[in-house]
Amino acid sequence: MNNTDIARLLDRMADLLEIDDANPFRVRAYRGAAQTIRAQSRGMADRVAQDEDLSKLPGIGRDIAAKIRTIVETGHLPQLEKLEERVPTELSDMMRIEGLGAKRVKTLYRELGVRSIDDLRRAARAGRIRALPGFGDKTEHTIMKRVDAWSGQAPRMLIAEVEETARRLLAHLKRADGVKRLVVAGSYRRRRETVGDLDILATARKDSDVIQRFTDFDDVGEVVSHGSTRSTVHLESGLQVDLRVVPEVSYGAALHYFTGSKAHNIALRKMAQKRDLKINEYGVYKGKKRITGRTEDEIYKQFGLAYIEPELRENRGEIEAAREGRLPELIGVADIRGDLHMHTTATDGRDSLKDMAEAAAERGYEYIAITDHSRRLTVVNGLDEKRLRKQIEGIERLNERLRNIEILTGIEVDILEDGSLDLPDDVLKALDLRVCSIHSKFRLSRKKQTERVLRAMDNPYFNIFAHPTGRLINKRDAYDIDIERVIEGAKNNGCFLEVNAQPDRLDLNDDACRMARDLGVKVAISTDAHSVANLDYMRFGVDQARRGWLEAGDVINTRSLTALKRLLART
DNA sequence: GCCGTTTTCGGCCCGACTGTTTTCAGTCG
């Protein structure tokens with residue numbers, strides 16, 4: 001049971017309770033707990049195994065903590081199963097259809113015996129829904145449309161995938177009359193690795209046609225709502241986009257409100273309550289009087305807080321840190337001096353050594369490392385000793401010609417099942433740097449996988465552990481590994497961990513970055529580029545590092561070449 | 001069901017939009 005599974009069970013519990021007319025605050029408690037769990041990158045199973053007190057997590061008390069423990073230990077939630085005897089569990093699925101909440105689902109069930117999405121489709125087609133109290137022709141029609149378009153859970157999209165859409169949409173909206181500011185808020189602005197929808201905030205004159213322009217956008221598949229200050233659409237791609245329009249004086253408050261996270265906003269709202277103030281999307285209010293809200297900075301100042309970067313707004317201690325003046329000074333893309341993981345045509349890269357080096361120089365880097373795969377990865381024509389030595393010579397020749405960038409010789413060497421590295425020490429020794437990674441035997445036990453890596457780190461030529469958990473977002477789970485022990489192993493051996501900047505890896509994730517920082521282990525942010533274009537992934541890695549509270553000093557490829565070489569020497 | 005340096009009981013965010021309603025309930029974020 002991973003966190004998503006546990007959160008899903010709690011959400012289901014909330015749905016069924018709501019249909020069952022339970023106390024609404026009790027329902028909300030389950031939803032809140034599910035949300036907290038989803039926001040954790042560390043597994044609940046892990047915490048339970050460590051015997052941690054789950055009720056320390058926000059929104060999780062004694063009761064739900066015990067339920068989580070039960071779920072982890074048995075895979076079941078007895079209270080949910082009890083409830084399912086009375087309320088069909090599929091009703092919870094029906095609530096995923098937009099426009100259907102607990103009340104309507106309950107009516108459909110009680111009046112028409114509709115208990116699944118298939119039932120719902122049949123009832124809508126037969127025209128039985130429009131006769132129900134509170135329903136009508138239009139509602140029946142929308143339900144039919146949405147049921148037909150229904151494809152199960154809409155997956156969160158990679159942030160890199162939605163960026164292009166966001167850019168085009170903003171460019172389109174910019175040409176509306178009377179629009180002043182346009183910005184994407186929400187998890188996109190917090191730079192989460194995936195986003196569920198896009199939240200666009202605009203400030204505009206009252207008579208602006210920005211909302212009309214929004215619903216007229218080429219890619220719009222369905223206009224869900226269209227009011228005077230907000231509108232929601234679904235794009236053809238399935239992505240939901242919300243636009244909200246507020247007056248200029250409310251810009252800061254609205255930006256803060258719609259950037260979230262929800263947990264961060266709630267924490268701040270509680271601070272406001274204590275001071276007899278109220279925060280909403282229009283400003284900070286004392287009674288009916290708006291006292292601030294033009295900028296986010298003003299709002300934080302109002303509560304005696306330093307400005308908190310969007311990437312930190314997850315209610316993971318950033319408010320306390322802002323109060324005590326100990327927020328990190330987050331790393332930026334401009335701090336990066338080189339890229340330490342990339343491939344060429346020698347293995348599975350698309351561009352030549354020379355092209356990669358020149359492209360890196362164009363991006364202002366002082367150094368790069370060429371790290372093609374090692375021999376074990378035969379499918380990508382991994383380098384054996386002979387071909388690697390040849391590549392080293394090629395790099396030496398190129399270094400003599402290129403003046404503005406230094407190419408480090410390197411390898412992405414496989415960590416074999418027994419923890420040995422895929423090339424002999426005397427070969428590894430000839431290189432400037434070794435990136436080590438796992439590409440096989442993903443399914444070892446946690447103990448074996450962890451020890452495999454720790455043993456590999458004993459090799460004096462192990463520098464950087466690449467994509468340390470092996471996860472591919474939306475495609476493959478992380479292999480089972482004790483990342484805390486791995487970080488400690490890196491610390492003991494003078495090794496580093498990678499933040500792989502590929503948009504579907506972003507591995508280490510934010511929480512693990514923070515753990516590394518807390519344990520005093522530095523990371524390398526690398527693109528693992530397989531083409532010149534991939535070099536631009538760097539900013540996604542930097543985003544993830546920022547979410548993990550990392551400063552420039554925590555990242556080895558912000559160092560000068562001399563300082564970097566000293567770190568790689570493992571002395 | 002959660003939460004608490006004023007509370008262990010009594011609060012718990014609220015504004016916008018839609019459709020079905022003659023003044024508002026349901027849903028969403």
Side-chain angles (χ1 to χ4, degrees), chain A residues 10-11 13-15 17-36 54-68 77 79-80 83 94-108 129-143 146 185-187 195-201 211 215 222-234 240-246 250 253-254 257-285 315:
Chain A
L10 295 180
D11 268 333
M13 186 81 184
D15 290 345
L17 281 172
E18 195 177 3
I19 294 168
D20 201 36
D21 283 328
N23 176 350
F25 297 108
R26 190 171 163 221
V27 173
R28 192 195 290 173
Y30 279 99
R31 295 236 163 86
Q35 201 169 8
T36 292
L54 301 179
S55 68
K56 289 227 162 61
L57 294 168
I60 295 175
R62 219 179 42 154
D63 190 279
I64 293 185
K67 290 190 170 77
I68 294 169
L77 180 56
Q79 291 88 344
L80 176 61
L83 187 56
M94 283 169 58
M95 286 176 68
R96 301 280 92 77
I97 305 270
E98 180 149 24
L100 289 187
K103 293 267 164 51
R104 285 180 176 161
V105 164
K106 187 178 181 178
T107 305
L108 287 163
I129 290 177
R130 71 186 80 153
L132 293 175
F135 292 75
D137 284 357
K138 265 191 166 162
T139 306
E140 184 178 82
H141 184 73
T142 343
I143 288 176
R146 297 211 173 123
S187 51
V195 300
D197 59 11
L198 279 182
D199 291 296
I200 299 179
L201 175 68
I211 293 205
T215 56
E222 186 196 353
V223 178
V224 179
S225 73
H226 180 160
S228 61
T229 67
R230 67 191 274 179
S231 169
T232 297
V233 300
H234 290 160
Q240 174 170 322
V241 189
D242 298 324
L243 172 67
R244 346 244 172 167
V245 187
V246 299
S250 296
Y257 187 92
F258 295 123
T259 296
S261 67
K262 202 167 181 179
H264 174 89
N265 287 357
I266 288 172
L268 208 64
R269 242 179 271 142
K270 280 187 181 152
M271 287 184 70
Q273 276 176 352
K274 274 185 203 146
R275 299 169 190 218
D276 223 20
L277 300 172
K278 189 181 84 176
I279 307 178
N280 62 24
E281 58 263 58
Y282 298 109
V284 180
Y285 287 82
N315 196 27

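The model shown is predicted, which means the values in this text are computed figures rather than measured ones. Quick note: numbers below take in every heavy atom, side chains included, and nothing from hydrogens, waters or symmetry partners. Labels below follow one simple rule: chain letters A, B, ... track the order of the sequence lines, proteins then strands, and each chain is numbered from 1.
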Roughly how many Å is it from [atom1] in [X] to [atom2] in [N], rounded to a whole number?
X: A:Asp199; N: B:dG29; atom1: CG; atom2: P; value: 9 Å
X: A:Gln35; N: B:dC13; atom1: CD; atom2: P; value: 13 Å
X: A:Arg104; N: B:dC28; atom1: CZ; atom2: P; value: 8 Å
X: A:Lys103; N: B:dG19; atom1: NZ; atom2: C1'; value: 16 Å
X: A:His141; N: B:dT20; atom1: NE2; atom2: P; value: 12 Å
X: A:Arg230; N: B:dC14; atom1: CZ; atom2: C1'; value: 11 Å
X: A:Leu80; N: B:dG1; atom1: CG; atom2: P; value: 13 Å
X: A:Ile19; N: B:dG26; atom1: CD1; atom2: C1'; value: 14 Å

Base, sugar-phosphate, or nothing for [X], non-hydrogen atoms under 4.0 angstrom?
X: A:Pro58; result: sugar-phosphate
X: A:Ile279; result: nothing
X: A:Ala33; result: nothing
X: A:Asp63; result: sugar-phosphate
X: A:Gln79; result: nothing
X: A:Leu100; result: sugar-phosphate
X: A:Lys106; result: nothing
X: A:Ser55; result: nothing
X: A:Phe258; result: nothing

Pick the nucleotide of DNA chain B nearest each of A:Phe135 and A:Arg269; which residue has the one closer to the 5' end?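 With A:Phe135 and A:Arg269 compared, the 5'-side residue is A:Arg269.
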
The answer to which of A:Asp137 and A:Ala65 contacts DNA chain B further toward the 5' end, by nearest nucleotide, is A:Ala65

What's the closest nucleotide to the [X] side chain, out of [options]?
X: A:Lys67; options: B:dG1, B:dC28, B:dC13; answer: B:dG1
X: A:Lys274; options: B:dT5, B:dA16, B:dG29; answer: B:dT5
X: A:Ser228; options: B:dC2, B:dA16, B:dC17; answer: B:dC17

Could you measure between the two [atom1] atoms, the one in [N] and the one in [M], and give it in whole Å?
N: B:dC12; M: B:dT8; atom1: C1'; result: 16 Å
N: B:dT21; M: B:dG26; atom1: P; result: 12 Å
N: B:dT18; M: B:dG10; atom1: P; result: 41 Å
N: B:dC13; M: B:dC2; atom1: C1'; result: 15 Å
N: B:dT20; M: B:dC28; atom1: P; result: 16 Å
N: B:dT6; M: B:dG11; atom1: C1'; result: 14 Å

Using every non-hydrogen atom in the two residues, find where A:Ile211 and A:Gly227 come nearest and quote the distance to one decimal. CD1-O, 3.5 Å

Tell me the closest heavy-atom pair linking A:Tyr30 and A:Leu10, and the distance in Å. CB-O, 3.8 Å

Does A:Leu100 form a side-chain contact (heavy atoms from CB on, under 4.5 Å) with A:Ile143? I'd like the steps, not just the answer. CA-CA 8 Å; A:Leu100 289 187; A:Ile143 288 176; 3.8 Å; yes

B:dG1 base to A:Asn23 side chain: any donor-acceptor pair below 3.5 Å? yes

Should [X] be listed as having a side-chain N or O under 4.0 Å from OP1 or OP2 of [N]?
X: A:Ser225; N: B:dC28; answer: no
X: A:Gln273; N: B:dC12; answer: no
X: A:Thr139; N: B:dT20; answer: yes
X: A:Tyr285; N: B:dC14; answer: no
X: A:Arg28; N: B:dC13; answer: yes

Presence of salt bridge, A:Arg230 and A:Glu281, under 4.0 angstrom: no

Is A:Asp15 salt-bridged to A:Arg31, going by a charged N under 4.0 Å from an acidic O?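 Salt bridge present between A:Asp15 and A:Arg31.
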
Gap separating the OG atom of A:Ser55 from the CD1 atom of A:Ile68, nearest 0.5 angstrom: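 Between atom OG of A:Ser55 and atom CD1 of A:Ile68 there are 9.5 Å.
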
For the CG atom of A:Leu108 and the CZ atom of A:Phe135, what is their distance to the nearest 0.5 Å?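 Between A:Leu108 CG and A:Phe135 CZ, I get 4.0 Å after rounding to 0.5 Å.
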
Once you apply the 3.5 Å cut-off to both distances, tell me the Watson-Crick or G-U wobble partner of B:dC24, or none. B:dG19

Close side-chain approach of A:Asp21 and A:Lys106, heavy atoms under 4.5 Å: yes

